Amino acid sequence: MAEVDSSKPPPTLSEQYLLKEKEEKLDMGTKPAEELEVKDPANATSEEVATEENPVVANESSGDPSDEATSNAGESVAESTQAAAEENSETAEQDDSGDKEVEETPEIKIETAPADFRFPTTNQTRHCFTRYIEYHRCVAAKGEGAPECDKFAKYYRALCPGEWVDRWNEQRENGTFPGPL
Amino acid sequence: MIVLEWRFLTIAPCDAAEPWQLGSQDAATPMMQGIIDLHHDIFFFLILILVFVSRILVRALWHFHYKKNPIPQRIVHGTTIEILRTIFPSIIPMFIAIPSFALLYSMDEVVVDPAITIKAIGHQWYRTYEYSDYNSSDEQSLTFDSYTIPEDDPELGQSRLLEVDNRVVVPAKTHLRIIVTPADVPHSWAVPSSGVKCDAVPGRLNQTSISVQREGVYYGQCSEICGTNHAFTPIVVEAVSRKDYGSRVSNQLIPQTNQTGEA
Ligand SMILES: [Cu+2]
């Protein structure tokens with residue numbers, strides 16, 4: 001299941017099977033042009049993400065992307081290696097979705113919790129649980145409504161069934177939550 | 001002729017099973033394409049073995065017929081043939097195992113970053129789908145139930161016991177993370193065209209990653225016996241373009257966000 005990596009020479013099964021790669025080709029078409037605009041080729045990718053994300057933030061009423069940018073910066077101090085991995089994956093994703101939105105401008109931002117390298121298996125139960133705990137620890141540390149914690153909330157809401165979240169919220173209120181908070 | 005009639009006169013059930021179907025349904029994901037290719041690869045060896053074994057069998061029956069050859073040859077030992085018939089059968093499984101494991105591990109892969117998470121929650125006997133990527137609170141979430149259309153209800157062109165009232169809408173050509181879990185007993189979320197069959201185990205979240213390559217409607221059925229109405233718990237996945245997905249989701253989301261207020 002290769003991601004759309006144009007740098008890889010041997011086509012994988014999924015790449016061979018793609019019927020028409022409209023999105024990918026548009027990506028490849030736009031990238032060189034943007035690299036020409038950006039003067040420094042070394043920082044091209046990161047600059048590109050930044051320049052592309054900003055108009056999206058301006059267009060959209062929701063503050064999610066800007067929140068994430070700040071929370072990324074905040075988190076990288078706390079958890080060094082994991083944050084780096086997550087940031088990498090996140091920027092890749094944002095790059096992708098950013099392109100999408102410039103082209104099509106849908107009303108919603110297509111984005112979800114990234115794959116976590118702590119949970120590489122089919123069983124994602126702990127992933128959901130860990131994200132829920134991370135959020136509540138973050139809230140406990142930084143105070144209610146801290147913007148750094150928003151992304152954890154987003155992650156656990158994406159991963160956990162609503163029923164589970166409701167039950168855990170109830171348990172937290174009653175003080176019977178089984179996890180380390 | 002009858003087969004041809006079945007082929008052309010049935011009302012095209014998109015990516016659902018056909019009457020008297022022998023092969024797989026058309027692949028909609030690279031994973032399913034891999035499964036079909038593996039099937040064909042293995043069939044090569046299968047036919048090779050079949051032909052070879054039948055030849056030996058028929059030859060033995062022919063040459064050692066009791067009337068023609070009442071006293072069989074009394075060979076009890078032959079080093080060359082014993083080496084050959086040990087080495088070759090052990091090489092063949094290797095040729096089968098290599099592509100098989102490659103496919104197996106590529107299906108297990110969850111490191112690709114998904115763009116969308118959809119929770120497929122099995123119930124007795126319907127399914128609930130949650131789209132929670134766009135939530136700003138625990139209460140607000142795009143959730144809907146998907147019930148089968150009863151047997152006496154379908155309109156012309158709908159497949160019997162395969163159609164549901166609310167389909168899962170997913171964007172095509174996008175990495176999807178499907179989180180499969182039940183709320184009561186074990187269920188399964190299976191869509192043959194996308195090569196997915198993921199068991200739903202109570203208390204556990206199983207993840208499966210798919211990337212639907214073409215727009216269309218894909219049908220599947222519950223594949224884990226879950227009670228009386230097990231046969232009436234179909235799955236319908238509707239793959240639309242990313243743009244349409246965006247508008248569909250936001251259209252369903254707006255009435256909810258008006259109540260709680262978006263972040
Ligand atoms: Cu069932």
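In the text below, chain A, chain B and the rest are named by the order of the sequence lines, each starting its count at 1. All values below come from the heavy atoms of this structure, side chains included, with hydrogens, waters and symmetry mates left out. Please read all numbers here as calculations on a predicted model, not as lab measurements.
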Trainee: Under 4.5 Å, heavy atom to heavy atom: which of residues 176-193 of chain B reach chain A? Give them by number, or say none.
Mentor: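 Counting heavy atoms that sit under 4.5 Å from chain A, the residues of residues 176-193 of chain B involved are B:Arg177, B:Ile179, B:Thr181, B:Ala183.
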Trainee: Please table the atom pairs, donor to acceptor, closer than 3.5 Å between any side-chain atom in residues 221-232 of chain B and protein atoms at least two apart or in another chain.
Mentor:
residue, atom, partner, partner atom, Å
B:Ser223, OG, B:Gln221, O, 3.2
B:His230, ND1, B:Glu224, O, 3.2

Trainee: In terms of relative ring orientation, are A:Tyr135 and A:Tyr156 parallel, tilted or perpendicular, with 30° and 60° separating the classes?
Mentor: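 Geometry flag for A:Tyr156 against A:Tyr135: tilted rings.
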Trainee: Show the numbers, then the answer: is there a side-chain contact (heavy atoms from CB on, under 4.5 Å) between B:His39 and B:Ile35?
Mentor: CA-CA 6 Å; B:His39 172 266; B:Ile35 292 170; 5.6 Å; no
Trainee: Could you check whether A:Asn169 and A:Glu173, counting side-chain N and O atoms only, form a donor-acceptor pair closer than 3.5 Å?
Mentor: no
Trainee: Which heavy-atom pair separates B:Asn206 from B:Cys198 by the least distance, and what is that distance?
Mentor: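 The answer is CB-SG, 3.6 Å.
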Trainee: Between A:His136 and A:Tyr132, is the ring centroid distance below 6.0 Å?
Mentor: yes
